[in-house]
Peer 1: 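Next up is a structure, given as structure tokens.
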Amino acid sequence: MPNEIALSVRDTLTGILPPLAMPFDDDSKLVADAIGPQIDMMIGSGVRGVVAGGSTGEGHTLSHREFVTAMTEAHSATAGRVPFVAGLIVNSTRDAIERVEMLGDIKIDALQVTPVYYLFKTSLKATIKHFREIWEATQIPILIYNVIPWNYLSVDDMITIMDEVPGVVGMKQSSGDLKSVTDLLLRAKPENLVLSGIDALLYPAFSMGAHGAISALTCAVPGTTVALFDAVQRGEDAVARDLHFKLNALWNAMPHDQLPACVKYVQSRQGLPLFHPRAPMEKVDADRKRMIDAALDPVLAATEAAKAA
């Protein structure tokens, strides 16, 4: 019998779901009132939902108070226009539950939850218990955020978790390669949500049937990733391939260890104020800006051409 919870979430969260970049000032303080304009830009680009508190949003750095502020501001700014996903990058089951409880009556469409991320890898049994207790305490559908290198969940692990915990309805596959996405699409139940977080492989993932993406590029250039997803859905492979290769060139100009800083710079090139990463991550220097600019201009031009076609 199909998982009705998963069915409803899959229909709601199919498409491009950018993880918001948290705006920090020069002193690494959260600029909460800058979250709204970013969400307006995302929604104006055609995204299907927004995610707050992910890796691009430096969610692992947010204190409890900042977490509540950021989630409240982001939820308010969506104003019911698109679904809202709250990210939890935490090291204990208790902390995950407490953070959700602190949000009160905010309507959250799904939680994006990592396995614990510090150093110690829990057993599959303990991991299942972790996700089950979060689901039972919150009654909010859960997407596994499979991104922790030393606590990486295999395809077998994720299928088992979804089978045993009805509230775990899908996953964002950010680790591994295209084969892991292929195996998930092959083995997951039809109602489960399979989202890609592998920026360099968005086009092939969409072509194979991935339901959408939550990734750094979806935040940096939401309009382009929406155009790519839509082109694949329409069967316009030539348009999709052109966008893919231009996006890949941009991805190559954005070093992973400085990714949130690069995303914020790319956003600033599209009209948002330039905010900074949280220390000790370094800001984007002039040389890196030139490299990003050289790759970004063709992306933006191709996006306009795809929209006009």
Side-chain angles (χ1 to χ4, degrees), residues 5 9 13 17 19-24 28-30 32 35 50-76 83-153 157-158 160-162 164-175 195 197 214 259-260 277-281:
I5 303 168
V9 174
L13 295 179
L17 313 167
L20 303 175
M22 283 298 148
F24 299 114
S28 286
K29 293 179 180 177
L30 178 67
I35 293 174
V50 295
V51 183
S55 302
T56 301
E58 299 166 89
H60 56 289
T61 75
L62 297 176
S63 69
H64 278 204
R65 187 187 330 187
E66 289 171 330
F67 175 81
V68 172
T69 299
M71 295 298 157
T72 303
E73 190 72 24
H75 179 267
S76 175
F84 176 71
V85 179
L88 298 174
I89 305 176
V90 295
N91 273 316
S92 73
T93 309
R94 183 67 251 162
D95 191 20
I97 294 169
E98 285 180 352
R99 285 186 177 239
V100 177
E101 289 174 343
M102 291 169 65
L103 298 179
D105 295 331
I106 286 179
K107 183 183 182 298
I108 301 170
D109 293 277
L111 299 171
Q112 177 185 260
V113 184
T114 64
V116 294
Y117 74 91
Y118 172 55
L119 178 63
F120 308 109
K121 181 177 174 67
T122 53
S123 68
L124 177 58
K125 180 180 178 181
T127 300
I128 292 170
K129 186 171 184 286
H130 175 66
F131 284 104
R132 179 183 291 117
E133 290 187 0
I134 296 171
W135 159 245
E136 289 177 348
T138 67
Q139 292 296 293
I140 300 172
I142 294 171
L143 301 172
I144 299 170
Y145 181 13
N146 196 28
V147 72
I148 310 301
W150 47 85
N151 200 358
Y152 175 67
L153 300 180
D157 291 344
M158 287 187 285
T160 299
I161 294 168
M162 289 190 294
E164 296 201 16
V165 185
V168 178
V169 299
M171 78 296 297
K172 170 190 168 183
Q173 180 64 1
S174 295
S175 297
L195 298 168
I214 303 171
L259 196 51
R278 177 155 269 182
M281 185 178 289

Peer 1: Between Glu133 and Thr93, is any pair of side-chain heavy atoms under 4.5 Å apart?
Peer 2: yes
Peer 1: Any side-chain heavy atom of Val113 sitting closer than 4.5 Å to one from Phe131?
Peer 2: yes
Peer 1: What pair of heavy atoms forms the shortest contact from Ala110 to Ile108, and how long is it?
Peer 2: O-CG2, 3.1 Å
Peer 1: Using every non-hydrogen atom in the two residues, find where Ala279 and Ser28 come nearest and quote the distance to one decimal.
Peer 2: N-OG, 3.1 Å
Peer 1: Keeping Thr69 on the side-chain end and Arg65 on the backbone end, is there a donor-acceptor pair under 3.5 Å?
Peer 2: yes
Peer 1: Would you check if Ile161 and Leu124 make a side-chain contact, meaning some heavy-atom pair closer than 4.5 Å?
Peer 2: yes
Peer 1: Would you find a donor on one side and an acceptor on the other, under 3.5 Å apart, between the side chain of Trp150 and the backbone of Tyr117?
Peer 2: yes
Peer 1: Salt bridge check, Lys29 against Glu66: does any charged N sit closer than 4.0 Å to a carboxylate O?
Peer 2: no
Peer 1: Closest heavy-atom contact between Pro115 and Asn151?
Peer 2: CB-ND2, 3.5 Å
Peer 1: Roughly how far, to the nearest 0.5 Å, is CD of Glu73 from CD1 of Ile35?
Peer 2: 5.5 Å
Peer 1: Given Leu143 and Lys172, is the side chain to side chain contact (heavy atoms under 4.5 Å, CB included) satisfied, shown in steps?
Peer 2: CA-CA 7 Å; Leu143 301 172; Lys172 170 190 168 183; 5.7 Å; no
Peer 1: Main chain of Pro260, side chain of Glu58: is a donor-acceptor contact present, judged purely on distance under 3.5 Å?
Peer 2: no
Peer 1: Are the side chain of Arg99 and the backbone of Phe67 linked by a donor-acceptor contact shorter than 3.5 Å?
Peer 2: no
Peer 1: When you compare the side chain of Met71 with that of His75, does any pair of heavy atoms fall below 4.5 Å?
Peer 2: no
